[in-house]
*Asks:* 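Got a structure for you, written out below as structure tokens; questions coming shortly.
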Amino acid sequence: MVDLLEIGGKALSFAEKLNVSEVEVYLVQNTSKSCLLSGKIDIVKSNVASGIGVRVIIDKKIGVYGITNLEENEVEKAVEKAVKIARASDPDPDFRELNKKFGKSYVSGIYDREIAEMDIGKIFDAADTLITSSMDYNEIVEPTRGIIETSTWKVAICNSHGIEAEREGTGVVTWFRCKAKDGGKEASAGESKQARRWKDIDFSEVATSAASKAVSILDATLIENQKLPVIWHNKFTASMVDIMFGNTIDAYSVQKGRSPWKDKVGQQIASEDFNLVDDGVMEAGLRTRAFDDEGVATRKTPIIEKGELKGFLYDTYTANKEGIESTGNAFRTYKSNPLPAPSNLILKPGNAKREEIIEETRKGLLVVDVIGEWLSNPISGEMSATVVVGYLVENGEIKKPVKGTMISGNFHQIIKDGIELVGDDITNVGGVYAPTIKVSEMTIAGKS
């Protein structure tokens, strides 16, 4: 990898000669290796991508410009364009200053030498494991699509207040889908996993999970229209937490009036069993960093404690606007301004085993995989999703498989007085971590 700080320092020096108030330079380089597969391994490739973003301030006027070419003459051109953009922009009355205080938290499990030094042949072998493990699960299973991708990245930040910092990270993601065919029946299902370390993904387990779901829903049908308790599998819970809170608990959205939680700090917005925290220093967390994209130390920030809204997530801009400290949640790309966003958003687990939740359900619906949940509305809380993999539960036992049935309800009302049980089986979807929960009632739209 190139020396990002050296390039950033040169860009900073050049910008400071152009009569600007403040300058910030953000650089990133990412090396990725990936394997695409269908019924067989199709494509194995590697790629290196770089970017530099320059943010200049001239009398509260902000200019941002980013490029992928790190050669010195191109970087200087990028600085000049950022300056031109700033001079042509209107002043932002809410802008105070760039971050002046560098901070760094202790973090672990975010850089895996095995990934950084990995030969692409090992990724090939893991892809082969996905294929063979799914077929070994049952002879009626055949793989359809999948991907394994590793990434190793480096980020550097420097600004005119003397901040100069660099961090490294790694990650691996896999997604696999297969189908089961038995006579005239056919069903498809998938599984995914994301982690910072290679050892944290069991590729055989990923394939077996996808295969078992595909086989289990071969006879899946719609169920009747009704209202039922619904058990949210942990990945479904994580997805809904992301949709409902991912873009509503940051201070920028709140200050712009785009959050339903505006003016509700200190209020009870959920049940006492609902505890939400943003943890930027979580061990091996998917979005764990020692410092954010402005050089502010990351931290653990409570969002909801025992149902009470405690506060929001800030970057330097939004924190300065309220006269408080940033929570270390600035995220950006080389082409954009920083904005506050969650690091590792965690719905804290409870004590119930998933098996116990099922056993205590006289009649209900266990929802494992869905589609369409992204159409839910985080402002109103209205949510809906179509069940792809689900199971009717009767007298504490999983009965017939269900698919094609729609579930709906109001998320805000559910978290306030509709959660009956919280599981201990926390998992992640991206940077959101959540357990299985049981909801007292949702509307089921299947067949009349």
*Asks:* Please check: side-chain N/O of Asp182 versus main-chain N/O of Lys185, any donor-acceptor pairing under 3.5 Å?
*Replies:* no
*Asks:* Please step through side-chain hydrogen bond (donor to acceptor under 3.5 Å, both in side chains) for the pair Glu382 and Asn410, ending with a clear verdict.
*Replies:* CA-CA 4 Å; Glu382 292 302 320; Asn410 186 281; 2.7 Å; yes
*Asks:* Test salt bridge (Lys or Arg N to Asp or Glu O under 4.0 Å) on Asp424 and Lys353; report intermediate values, then the result.
*Replies:* CA-CA 6 Å; Asp424 64 356; Lys353 302 291 183 185; 2.9 Å; yes
*Asks:* When you compare the side chains of Asp42 and Ser38, does any donor N or O come within less than 3.5 Å of an acceptor on the partner?
*Replies:*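 Judged by distance alone, the side chains do pair up.
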*Asks:* Would the distance check show the side chain of Ser239 and the main-chain N or O of Lys235 forming a donor-acceptor pair, the cut-off being under 3.5 Å?
*Replies:*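 Flag not set: sc Ser239 to bb Lys235 has no pair under 3.5 Å.
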*Asks:* What closest approach, in Å, do Gly51 and Leu70 show between heavy atoms, and which atom pair accounts for it?
*Replies:*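 Here Gly51 and Leu70 meet closest at C-CD2, 4.0 Å.
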*Asks:* Glu325 and Arg299: salt bridge (Lys or Arg N to Asp or Glu O under 4.0 Å), yes or no, with the steps?
*Replies:* CA-CA 12 Å; Glu325 288 188 354; Arg299 64 171 79 169; 3.6 Å; yes
*Asks:* Once you measure the plane-to-plane angle for Phe274 and Phe245, does it fall in the parallel (<30°), tilted (30-60°) or perpendicular (>60°) bin?
*Replies:* tilted
*Asks:* Within the 4.5 Å heavy-atom criterion, are Thr152 and Ile115 side-chain neighbours or not?
*Replies:*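 Yes; the side chains approach each other to less than 4.5 Å.
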*Asks:* Answer yes or no on whether Arg287 is positioned over the face of Phe331, meaning its NZ or CZ is under 6.0 Å from the six-membered ring centre and within 45° of the axis.
*Replies:*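 Yes, a cation-pi geometry holds between Arg287 and Phe331.
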*Asks:* Identify the residue among Thr301, Thr327, Asn329 that makes a side chain to side chain donor-acceptor pair (under 3.5 Å) with Asp278.
*Replies:* Asn329
*Asks:* Could you tell me whether the side chain of Ser440 and the main chain of Pro229 form a donor-acceptor pair under 3.5 Å?
*Replies:*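 No, Ser440 side chain to Pro229 backbone: no donor-acceptor pair under 3.5 Å.
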*Asks:* Between the main-chain N or O of Val206 and the side-chain N or O of Ser209, is there a donor-acceptor pair closer than 3.5 Å?
*Replies:*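 No, because the side chain of Ser209 does not come within donor-acceptor range (under 3.5 Å) of the backbone of Val206.
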*Asks:* So does Glu24 pair up with Arg332, basic N to acidic O under 4.0 Å?
*Replies:*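 A salt bridge is present here (some side-chain N lies under 4.0 Å from a carboxylate O).
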*Asks:* Report, as yes or no, whether the 6.0 Å neighbourhood of atom CZ on Arg145 holds more than 12 heavy atoms from other residues, nucleotides or ligands.
*Replies:* no
*Asks:* Could you give me the CA-CA distance, side-chain angles and deciding distance for Lys310 and Leu276, then say whether side chain to side chain contact (heavy atoms under 4.5 Å, CB included) is met?
*Replies:* CA-CA 10 Å; Lys310 292 294 185 179; Leu276 190 67; over 6 Å; no
*Asks:* Establish, from distance only, whether the side-chain atoms of Glu149 and Ser34 form a donor-acceptor pair under 3.5 Å.
*Replies:* no
*Asks:* So, Lys416 versus Ser271: side-chain donor-acceptor pair below 3.5 Å or not?
*Replies:* no
*Asks:* Determine yes or no for a side-chain-to-main-chain donor-acceptor pair under 3.5 angstrom, with Asp425 supplying the side chain and Thr436 the backbone.
*Replies:*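 Yes, the answer is positive, given that a donor and an acceptor are paired below the 3.5 Å cut-off.
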*Asks:* Please check if the number of heavy atoms outside Arg113 that lie under 6.0 Å from its CZ is greater than 12.
*Replies:* no
*Asks:* Quick one: do Ser259 and Thr248 satisfy side-chain hydrogen bond (donor to acceptor under 3.5 Å, both in side chains)? Show the steps, please.
*Replies:* CA-CA 5 Å; Ser259 170; Thr248 61; 4.7 Å; no
*Asks:* Go through the steps for Lys193 and Glu191 under the test salt bridge (Lys or Arg N to Asp or Glu O under 4.0 Å), then give the verdict.
*Replies:* CA-CA 7 Å; Lys193 183 74 175 175; Glu191 188 60 89; over 6 Å; no
*Asks:* Might you work through the side-chain hydrogen bond (donor to acceptor under 3.5 Å, both in side chains) test for Glu294 and Thr316, ending with a clear yes or no?
*Replies:* CA-CA 8 Å; Glu294 295 179 305; Thr316 299; 2.9 Å; yes
*Asks:* Show your working on side chain to side chain contact (heavy atoms under 4.5 Å, CB included) between Thr150 and Ile123 and close with a plain yes or no.
*Replies:* CA-CA 8 Å; Thr150 65; Ile123 301 174; 3.7 Å; yes
*Asks:* Is there a side-chain contact between His412 and Pro260, using heavy atoms and a 4.5 Å cut-off?
*Replies:* yes
*Asks:* If you draw a 6.0 Å radius around CE in Met118, do more than 12 non-hydrogen atoms from other residues or ligands fall strictly inside?
*Replies:* yes
*Asks:* In terms of heavy-atom contacts, does CG of Asn351 have more than 12 from other residues, nucleotides or ligands at under 6.0 Å?
*Replies:* no
*Asks:* Is there a side-chain contact between Thr298 and Thr288 (heavy atoms, below 4.5 Å)?
*Replies:*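 Counting from C-beta outward, Thr298 and Thr288 never come under 4.5 Å.
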*Asks:* Considering residues, nucleotides and ligands other than Asn337, do more than 12 of their heavy atoms fall under 6.0 Å from its CG?
*Replies:*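 Counting other residues, nucleotides and ligands, CG of Asn337 exceeds 12 neighbours.
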*Asks:* Ignoring hydrogens and angles, state whether a donor on the side chain of Ser253 or Asp250 is under 3.5 Å from an acceptor on the partner side chain.
*Replies:* yes
*Asks:* Between Phe312 and Trp261, is the ring centre distance below 6.0 Å?
*Replies:*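 Not under 6.0 Å, so no.
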*Asks:* In the structure I gave you, are the side-chain heavy atoms of Glu142 and Lys181 within less than 4.5 Å of one another anywhere?
*Replies:*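 Yes, close enough: below the 4.5 Å cut-off.
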*Asks:* Does Arg197 come within less than 4.0 Å of Asp200, counting only side-chain N to carboxylate O?
*Replies:* yes
*Asks:* Is there a side-chain contact between Ile407 and Thr443 in this structure, where contact means two heavy atoms from C-beta onward sitting under 4.5 Å apart?
*Replies:*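 A side-chain contact under 4.5 Å is absent here.
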*Asks:* Any chance the side chains of Asp92 and Tyr317 put a donor and an acceptor closer than 3.5 Å?
*Replies:*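 Their side chains do contain a donor-acceptor pair, which is all the 3.5 Å distance test asks for.
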*Asks:* Could you tell me whether the side chain of Ser376 and the main chain of Glu373 form a donor-acceptor pair under 3.5 Å?
*Replies:*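 The answer is yes, because a donor-acceptor pair under 3.5 Å joins these two groups.
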*Asks:* Between the main-chain N or O of Pro435 and the side-chain N or O of Asn234, is there a donor-acceptor pair closer than 3.5 Å?
*Replies:* no
*Asks:* Please step through side chain to side chain contact (heavy atoms under 4.5 Å, CB included) for the pair Leu37 and Ile147, ending with a clear verdict.
*Replies:* CA-CA 6 Å; Leu37 58 95; Ile147 186 172; over 6 Å; no
*Asks:* Donor-acceptor check, side chain of Asp293 to backbone of Tyr26, threshold 3.5 angstrom: yes or no?
*Replies:* no
*Asks:* Is there side-chain contact between Ile110 and Thr170, with at least one heavy-atom pair below 4.5 Å?
*Replies:* no
*Asks:* Check for a donor-acceptor pair, side chain of Asn47 on one end and backbone N or O of Ser32 on the other, with a separation under 3.5 Å.
*Replies:* no
*Asks:* Can you tell if the side chain of Thr144 reaches within under 4.5 Å of the side chain of Lys179, non-hydrogen atoms only?
*Replies:* yes
*Asks:* If you apply the rule side-chain hydrogen bond (donor to acceptor under 3.5 Å, both in side chains), what do you find for Tyr334 with Thr68, and how did you get there?
*Replies:* CA-CA 9 Å; Tyr334 68 88; Thr68 58; 5.4 Å; no
*Asks:* Counting only heavy atoms not in Lys335, do more than 12 fall under 6.0 Å of its NZ?
*Replies:* no
*Asks:* Are Glu394 and Lys399 close enough for a salt bridge, meaning some N to O gap below 4.0 Å?
*Replies:*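 The answer is no: the pair does not qualify as a salt bridge.
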*Asks:* Do Arg167's NZ or CZ and the ring of Phe291 fall within the cation-pi criteria of under 6.0 Å and 45°?
*Replies:* yes
*Asks:* Under the criterion side chain to side chain donor-acceptor pair (under 3.5 Å), which of Lys321, Glu322, Gln255 is the partner of Tyr314?
*Replies:* Glu322
*Asks:* Do the non-hydrogen side-chain atoms of Val389 and Val387 ever get within less than 4.5 Å of each other?
*Replies:*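 No; the side chains remain at least 4.5 Å from each other.
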*Asks:* For Thr318 and Asp315, which I'm curious about, is there any donor-acceptor pair between the side chains at under 3.5 Å?
*Replies:* yes
*Asks:* Looking at Lys400 and Asp219, does any basic side-chain N land under 4.0 Å from a carboxylate oxygen?
*Replies:* no
*Asks:* State yes or no: are the ring centers of Tyr111 and Trp153 separated by less than 6.0 Å?
*Replies:*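 No; Trp153 has its ring centre 6.0 Å or more from that of Tyr111.
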*Asks:* Between Asp369 and Lys213, is there a salt bridge with N-O shorter than 4.0 Å?
*Replies:*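 A salt bridge links Lys213 with Asp369.
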*Asks:* So, does Asn159 use its side chain to make a donor-acceptor pair with the main chain of Asn99 at under 3.5 Å?
*Replies:* yes
